[in-house]
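All heavy atoms count here, side chains included; hydrogens, waters and symmetry mates do not.
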Amino acid sequence: MDDVLGLLRIRVRRGINLAIRDTMTSDPYVVITYGGQKVKTRVVKDNCNPLWDEELTISIKDPNEPIVLAVYDKDTFTSDDSMGNAEIDVKPYIECLKMGLQGLPDGTKVDRVQPSRNNFLADESCVLWNKGKMTQDMILRLRNVECGEVEVQIEWIDLPGSKGIQD
């Protein structure tokens, strides 16, 4: 079993035009699963454009393993309804981290990732350098659902004593 490379902090910002699963609206929450780990946001009641603004952290062992983000509608008496899912592709972000950049001016765009059939991006996604940290903002288009997007930001956190991502 590989050692942990580091932590990935995923800021789940908001949902956009999520599917209606109750009479007029939904009570959405986000679940992120990766390699046996499972973290989730709180439920936002009666809102198809929820603002979560929550930070979820997972430990990364293999950047090629998919990080799955799924949205559910919280139901009181029945099982929660699926409102679509997407995968967070961290590979372009990790390639930027491997460049070992330091001391860039705040707001430097290190990379731009375009939406394609091979990713879940709804729009161009930028890897940004700000205040000594590299982050990537992405708007994910949910699949297996009629509509909906989720806005997230990812940030790498080095763990003392971990393997790190340098080759």
Apply side chain to side chain contact (heavy atoms under 4.5 Å, CB included) to residues Thr57 and Val39 and explain how you reach the verdict.
CA-CA 8 Å; Thr57 304; Val39 288; over 6 Å; no
How long is the gap from CG on Asn130 to CG on Asp106, to the nearest 0.5 Å?
4.5 Å
Please determine whether side-chain hydrogen bond (donor to acceptor under 3.5 Å, both in side chains) holds for the pair Arg14 and Asn49, giving the CA-CA distance in whole Å, both sets of side-chain angles, and the decisive distance to 0.1 Å.
CA-CA 7 Å; Arg14 63 192 181 112; Asn49 292 285; over 6 Å; no
Glu155 and its side-chain contact (heavy atoms from CB on, under 4.5 Å) partner, picked from Arg11, Met134, Glu55:
Arg11
One should read off an interatomic distance between Asp53 CG and Arg42 CZ, to the nearest 0.5 angstrom, of 8.0 Å
Hey, is the main chain of Asn118 close enough, under 3.5 Å, to the side chain of Ser116 for a donor-acceptor pair?
yes
Backbone of Gln114 reached by a side-chain donor or acceptor of Asn119 within 3.5 Å:
yes
Which is it for Leu7 and Trp156 under the side chain to side chain contact (heavy atoms under 4.5 Å, CB included) test, yes or no, and what are the steps along the way?
CA-CA 6 Å; Leu7 300 178; Trp156 187 262; over 6 Å; no
Is Arg13 salt-bridged to Glu54, cutoff N-O under 4.0 Å?
no
No-hydrogen, no-angle side-chain donor-acceptor test under 3.5 Å, Asp80 and Tyr29
yes
Is it true that, when you exclude Lys38 itself, more than 12 heavy atoms of the residues, nucleotides or ligands shown sit nearer than 6.0 Å to its NZ?
no
Name all residues meeting the side chain to side chain contact (heavy atoms under 4.5 Å, CB included) criterion together with Val90; count only those two or more places apart in sequence or in a different chain, and write none if there are none.
Leu8, Pro63, Ile67, Ile88, Ile94, Ile154
Under the rule for side-chain hydrogen bond (donor to acceptor under 3.5 Å, both in side chains), what residues qualify as partners of Ser125, not counting sequence neighbours?
Gln136
Any carboxylate oxygen within less than 4.0 angstrom of a Lys/Arg side-chain nitrogen, looking at Glu146 and Arg21?
yes
Would a distance-only check, ignoring hydrogens and angles, find a side-chain to backbone donor-acceptor pair under 3.5 Å from Gln37 to Ser59?
yes
With rounding to the nearest 0.5 Å, note down the distance linking OG1 in Thr25 to CG in Asp46.
5.5 Å
